[in-house]
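Working notes for the structure below.
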Amino acid sequence: MTATNTQLTNIVLIDSHPLFREGLRRVLETEETFKVVGEGDSSEKLIPLYKQHLPQLILMEINFLQKNNLNTLKELTVEFPDAKALIFTTATEFNFVDLALQNGASGYLLKEMDTVSLINALKEVLKGGFYLHPKIARTFISLFYEKSTQLGSKRSYHQTAVQRPYHLMTRREIEVLQLLSEGHNNKHLGEALFISEKTVKNHVSAILRKMDVVDRTQAVVKALKNGWIELK
């Protein structure tokens, strides 16, 4: 099948291993609208490749032990605020996820992902969302919450009791928000609540609009801050 009548999504890959890039390119191009238009073996190639191709997505490996990797990512997102760069890594530590977000990443993916999950993650980011791999989403939110409470009472996100925001959201939307905090994707949300994925998407869109946030992670963090959901 071809995408002659559909707009292509151009992608740039940054990874130090040629064989991995080749395999990843083949995986991505199983999606008829995805096209890898440029490749680089280091973060130094990131900005030149972006300027050359102006891709809709960047999928990049980062060595968190090399500060210039993160600096380059930040330079890109400062100069080009609309750039969508997703980190693709094996690192699951909270500090690394936090650094990626602080420096402008639009997603944090793990190299253990299967093809369908990877493509769905990229599509979610294309729509303006942010993607955290489910394996690290729960841990990241939990540690974020714990770290925040250690900053002192003036900046603490600790709540003595959960106060459901029924003034803002329906009971179903609150159920969806709670499950989002537990790292569930749309498919699992639908299965848990016995509703379709399309209905899940509608609920998520309503939640983001009502909370005035742009992605799921921001929604969960804001909900934790206000004591609207709980960490189970």
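Scope of the values below: all heavy atoms of this structure, side chains included, with no hydrogens, waters or symmetry mates.
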For a quick test of reading the model, state the closest non-hydrogen atom pair linking [X] to [Y] and the distance between them.
X      : Y      : result
Thr72  : Ser43  : CG2-O, 3.2 Å
Phe88  : Leu110 : CE1-O, 3.4 Å
Lys84  : Ser106 : CA-OG, 3.6 Å
Tyr108 : Ala91  : OH-O, 2.7 Å
Ala100 : Leu73  : O-CD2, 4.2 Å
Ile195 : Arg172 : CG2-NH2, 4.3 Å

For [X], is the [atom1] atom crowded, meaning more than 12 foreign heavy atoms sit under 6.0 Å from it?
X      : atom1 : result
Lys111 : NZ    : yes
Lys35  : NZ    : no
Glu191 : CD    : yes
Asp212 : CG    : no

Hydrophobic cluster mates of Val78, side-chain heavy atoms under 4.5 angstrom, ILVMFWY only, any path? none

Any side-chain heavy atom of [X] sitting closer than 4.5 Å to one from [Y]?
X      : Y      : answer
Val37  : Leu8   : no
Ile62  : Leu99  : no
Tyr50  : Val12  : no
Leu168 : Trp228 : yes
Ile14  : Leu49  : yes
Leu59  : Val36  : no
Ile229 : Leu180 : no
Val97  : Ile87  : no

Determine, using the 4.5 Å side-chain heavy-atom cutoff (strictly less than), whether [X] and [Y] are members of one ILVMFWY cluster.
X      : Y      : answer
Leu109 : Leu13  : yes
Val204 : Leu126 : no
Met169 : Leu179 : yes
Phe20  : Leu122 : yes

Please determine which of Leu193, Asn186, Thr199 meets the side chain to side chain contact (heavy atoms under 4.5 Å, CB included) test together with Val176. Leu193

With [X] via side chain to side chain donor-acceptor pair (under 3.5 Å) - residues at least two apart:
X      : answer
Asn103 : none
Glu29  : none
Arg171 : Tyr166

Which residue pairs satisfy the ring-ring contact (aromatic ring centres under 6.0 Å, His included) criterion with at least one member in residues 170-212, sequence neighbours excluded?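 Non-adjacent pairs meeting ring-ring contact (aromatic ring centres under 6.0 Å, His included): zero.
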
Side chain to side chain contact (heavy atoms under 4.5 Å, CB included) filter on Glu31, not counting sequence neighbours, yields Thr33, Phe34, Ile119, Lys123

Salt bridge or not between Glu197 and Lys201? Use side-chain N to carboxylate O under 4.0 Å. no

